[in-house]
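Below is one structure, written out as structure tokens, with a few remarks after it.
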2 protein chains.
Amino acid sequence: MAAQVPGAIPARRPADGPDRSRDPDRTRADILDVATTEFADKGYAGARVDEIAAKTSTTKRMIYYYFGNKEQLYIAVLERAYTGIRTIERELDVEHLDPVDAIRRLAELTFDHHESHPDFVRLVSIENIDRAEHIARSSVLTGLASPALDVLARILDRGRESGVFRGDVDPLDVHMVISAFCVFRTANRHTFNAIFKRDMLDPALRAHYRGMLCDLVLAHLTVR
Amino acid sequence: MAAQVPGAIPARRPADGPDRSRDPDRTRADILDVATTEFADKGYAGARVDEIAAKTSTTKRMIYYYFGNKEQLYIAVLERAYTGIRTIERELDVEHLDPVDAIRRLAELTFDHHESHPDFVRLVSIENIDRAEHIARSSVLTGLASPALDVLARILDRGRESGVFRGDVDPLDVHMVISAFCVFRTANRHTFNAIFKRDMLDPALRAHYRGMLCDLVLAHLTVR
DNA sequence: GAGCGAACGGACTAGATAGTTAATTAGGCT
DNA sequence: AGCCTAATTAACTATCTAGTCCGTTCGCTC
């Protein structure tokens, strides 16, 4: 964190205690970190700018100085969260695996990411409540289809050629099924637990659900 | 509009036009209807009591008269929405169908309900953002496991006995997969469309997704 | 037709909340 | 050293918002 500006002097900072020196990047990043947690926690309407400011090492005025207003701050939070998962997806390399193992790997990677980034999943839910109106206002976010989709299309092609996969499945539909499963486990955890008394994120059930996702997707894709 | 001027003659309802007579049940129901739409639209934090009151044919004072405060009004909305779907589930009768058709019927019923009740799905999302804290405060809602679960368990048993279904599947997991698919389609419609440019609720895709859900679940359950 | 309680309406309040004003400081550049 | 601008601070404001006070009206019973 605290990316150094090229040519900047490394910060004269008294080794301990909060950093009080002037560091725009650090201040911005600090605000973004706190805002991410706060928006994911309370939703867009529920989050309070004063609250975010209080949890920051700077003041409310700085939020407006760097981000303009509450909405632009929220959009900045969304942009960082989305580009995060897209970066991970881009690193996926499954060309050397056979189609079945490749699907399994892709499903597991998605599963793991959703499990380890509940804030991201919550932000997506929140954004849907607002009918994606903030995403629509961000040019960064609108043209941001998942790199995983291209990878998926390649895997399906290879699987069809080798005769193990059905030929009539759309990559986006497969992506949707995987997402639906992973998103549901995190996004609906609380109501599901309240009504059915099962915590889908219980560590003891992790392996069960991870395997189940792979089975589900592969059963659907496999020729019988 | 047409607020009663003090001292004016009440005009006991000229046959047409809104009902102005005293009717507690009607008033309560009116408030609940408006509140459901408003909470589903804006979320709990985003909804405004004043706004709800304005869209009602009565006043804000009446909301507090009948429901006490904003939270209890919201809980009343949740209770009505949940008991709605549970009632439909209870009417499900699939004992006369073979296991495969029974699963198909159950999946389609769930699919149809989610499609025709987007407000319910949104309320569930909203409640998850608040970590189901309002459900937890309602004794009506906490002890409300889905009747569909018992039906599902029966179908799975019958399918296992006749050898068409695997024996190691948990009814709650099957319920979860069906819910995940149906909930995702409605709950994540906006972000999915914003990023992948596909409206999962496009009527032209309805049959495709409905069939896909059945295939998906049955492929997972069927012995190979 | 008087009395009574449930149902109702409108104006009011205290506190919260997004956003601002304006003055101040630190640090790089010449 | 001294200027100049980006970065920072704290106090302030207009508006919004959940919740309340209190007086009024309807419809029923006796």
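As a basis for the values below, the full set of heavy atoms in this structure was taken, side chains included, without hydrogen atoms, waters or symmetry mates. Here is how names work: the chains are called A, B, and so on, in the same order as the sequence lines, proteins then strands, and each is numbered from 1.
B:R80 CZ: more than 12 foreign heavy atoms inside a 6.0 Å radius. Atom CZ of B:R210 has more than 12 neighbouring heavy atoms from other residues, nucleotides or ligands inside a 6.0 Å radius.
Residues forming a side-chain contact (heavy atoms from CB on, under 4.5 Å) with B:D50 (at least two apart in sequence, or on another chain): B:K60.
Note that the OH atom of B:Y65 and the CE atom of B:M62 stand 6.5 Å from one another [nearest 0.5 Å].
Contact annotation for B:A47: backbone-only contact, meaning every heavy-atom pair under 4.0 Å involves sugar-phosphate atoms and none involves a base.
The nearest whole Å value for the distance from the CG atom in B:D25 to the P atom in C:dC8 is 10 Å. The distance between atom CG of B:D30 and atom P of C:dC8, rounded to the nearest whole Å, is 10 Å. With rounding to whole Å, A:L73 atom CG is found 10 Å from C:dG19 atom P. Atom pair B:K42:NZ and D:dC16:C1' shows a separation of 14 Å (rounding to whole Å applied). The interatomic distance linking A:Y66 (OH) with C:dG19 (P) rounds to 19 Å, in whole Å. Put simply, CD1 on B:I31 is 15 Å from P on D:dA18, counting in whole angstrom units. B:Y65 has its OH atom 17 Å from the P atom of C:dG10, to the nearest Å.
Residues A:D199 and A:R185 are not paired through a salt bridge, judged by the lack of any N-O separation under 4.0 Å between the basic side chain and the carboxylate.
With C:dC8, D:dA6, D:dA10 as the choices, the nucleotide that has an atom nearest any side-chain atom of B:R22 turns out to be C:dC8. Considering only side-chain atoms of B:R48, the nucleotide from D:dT8, D:dT9, D:dA18 that sits closest is D:dA18. Residue A:P24 has its side chain nearest to D:dA7 when only D:dA7, C:dG9, D:dA10 are considered.
The phosphate of D:dT9 (OP1 or OP2) has a side-chain N or O of A:T58 nearer than 4.0 angstrom.
A ring-centre distance under 6.0 Å is not found for B:Y74 and B:F67.
Remark: B:K70 fails to qualify as a cation-pi partner of B:Y64 under the 6.0 Å distance and 45° angle criteria applied to the six-membered ring.
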Check the interface with nucleotides 19-22 of chain D: list each N/O to N/O pair with the protein under 3.5 Å, or write none.
residue: D:dG19; atom: OP2; partner: B:Y64; partner atom: OH; Å: 3.3
residue: D:dG19; atom: OP2; partner: B:K70; partner atom: N; Å: 3.0
residue: D:dG19; atom: N7; partner: B:K60; partner atom: NZ; Å: 2.8
residue: D:dG19; atom: O6; partner: B:K60; partner atom: NZ; Å: 2.6
residue: D:dC21; atom: N4; partner: B:R61; partner atom: NE; Å: 2.6

